[in-house]
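Notes follow once the structure below has been shown.
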Amino acid sequence: MASELVGALVGWYDANARELPWRQPDRTAWGVLVSEVMLQQTPVRRVEPVWRTWMQRWPTPSDLAAASAGDAVRAWERLGYPRRALRLHAAATQIRDRHAGVVPDDLDELRVLDGIGEYTAAAVATFAFGQRHAVLDTNVRRVLARAVQGRAQAAPALTAAERATATSLLPDDDATAARWAIAVMELGALVCTARQPQCGDCPIADRCAWQLAGAPPYDGPPRRGQTWHGTDRQVRGRLLAVLRAAHRPVRRADLVRAVPDDDLRDPHQRDRCLAGLVHDGLAEPGPDDDTYALPG
DNA sequence: TACACGTGGAT
DNA sequence: TATCCAAGTGT
């Protein structure tokens, strides 16, 4: 029965998968790794053009490692969460120094690279190297929550039970498991979506536990919404946008102009955020202590 | 475990 | 307009 599920989903994927550059036959493991980091919390449409430019400029980990961290942050453009650019740069350096510039194909070796967590390590091992791993991202968790568990959405945090379910569904051989993994994720991205699932287009709707239960609404613990307006995150973003746009050190007065007092939640917010950016390695103070720039 | 961390499109 | 959501990770 599980094999029927696999066949239905893999067949659907072959007919409906998006053509993305990191899925092309000429893709590299590095390209897959870069795509996975960029796609963390950022939609495909916004990643694609940045990924193309990035890969043209830095076609191998060693190429990126030879650049400055600031160049990486600037090339990250407006994908968001710019610490990912810093970590990707650090991972490239680690790949150059510890793996002779070759992206490792071992799950545990991938997992300890900067910015590579449980999901991304499994994704690279699976999509770039065709291995057999449970790949649990938000899409897969939602599909399994519905199709297997019969619930409208997954729990707020990944559970051991979900890992066990995903592992139990994995086809035996590596190649099929890898195709299954990408197929489930694509179904979650295109059909079994969070807001308005297109169950009429779903290849497994007839055996979906959630559909068979009458599509009951979510009854788990509420998800905390992301706060935004007036937060440090917003102020950090505005400060960093100024540093990114400038190609020389920026005076404090220019940062004050970008984030005026009236926009602050408290009088110390701007200084606190600036210090936070410096602490995170996203900004560096100049020798005079009156200028800031992206890291060199 | 819960929270911090950017940005922009969709509803 | 406000809220939700998008291929998560680090602390």
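Within every chain, numbering begins at 1; the chains are lettered A, B, ... in the order of the sequence lines, protein sequences first and strands thereafter. The analysis underlying the following values was restricted to heavy atoms, covering all of them including side chains, and did not include hydrogens, waters or symmetry mates.
Between A:Asp289 and A:Arg252, none of the side-chain N atoms (NZ, or NE/NH1/NH2) sits under 4.0 Å from a carboxylate O, so this pair counts as no salt bridge. Between A:Glu118 and A:Arg163 there is a salt bridge, since at least one side-chain N of the basic residue sits less than 4.0 Å from a carboxylate O of the acidic one.
Residue A:Leu282 contributes atom CG, which lies 10 Å from atom C1' of B:dC5 at whole-angstrom precision. To the nearest angstrom, C1' of B:dG6 lies 14 Å from CG of A:Leu86. The CD atom of A:Gln198 sits 14 Å away from the C1' atom of B:dA10 (whole-angstrom rounding). Protein atom CZ of A:Arg233 is 13 Å distant from nucleotide atom C1' of B:dG8, rounded to whole Å.
To the nearest whole angstrom, the two P atoms, one in C:dT9 and one in B:dG8, are 23 Å apart. Comparing the P positions of C:dC4 and B:dC3 gives an interatomic distance of 15 Å, to the nearest angstrom. Nucleotides C:dA7 and B:dC5 have their P atoms positioned 23 Å apart, rounded to a whole Å.
Contact detail for A:Pro295 and A:Leu86: the closest heavy-atom pair is CG-CD1, 4.3 Å.
Applying side chain to side chain contact (heavy atoms under 4.5 Å, CB included) to A:Arg142 and the options A:Asn139, A:Val140, A:Leu144 leaves one that passes, A:Asn139. A side chain to side chain contact (heavy atoms under 4.5 Å, CB included) with A:Leu294 is found for one member of A:Leu282, A:Asp71, A:Leu240 and no other, namely A:Leu240.
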>> Run A:Arg84 and A:Thr42 through side-chain hydrogen bond (donor to acceptor under 3.5 Å, both in side chains) and show every step you take.
In response: CA-CA 11 Å; A:Arg84 290 182 293 164; A:Thr42 303; 2.9 Å; yes
> Given the rule in the ring-ring contact (aromatic ring centres under 6.0 Å, His included) test, do A:Trp30 and A:Trp58 qualify, once you have shown the distances and angles that lead to the verdict?
Replying inline: CA-CA 10 Å; A:Trp30 170 241; A:Trp58 297 307; 9.1 Å; no
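Across all strands shown, A:Asp280 has no heavy atoms under 4.0 Å from either base or sugar-phosphate atoms. Contacts of A:Arg78 with the nucleic acid, taken as non-hydrogen atoms under 4.0 Å apart, involve only primed sugar atoms and P, OP1 or OP2.
Judged by closest nucleotide on DNA chain B, A:Ala157 is the one of A:Ala157 and A:Arg45 placed further toward the 5' end.
Residues A:Leu239 and A:Leu274 have side chains in contact (heavy-atom distance under 4.5 Å, counting atoms from C-beta outward). Considering only heavy atoms from C-beta on, A:Thr60 stays 4.5 Å or farther from A:Val102 through its side chain.
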> Once each nucleotide of nucleotides 4-11 of chain C is scored for protein heavy atoms under 4.0 Å, what B/S/- sequence comes out, 5' to 3'?
Replying inline: BBBBBSS-
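Of the residues in residues 237-244 of chain A, A:Gly237, A:Arg244 come within less than 4.0 Å of DNA chain B through at least one heavy atom, sorted by number.
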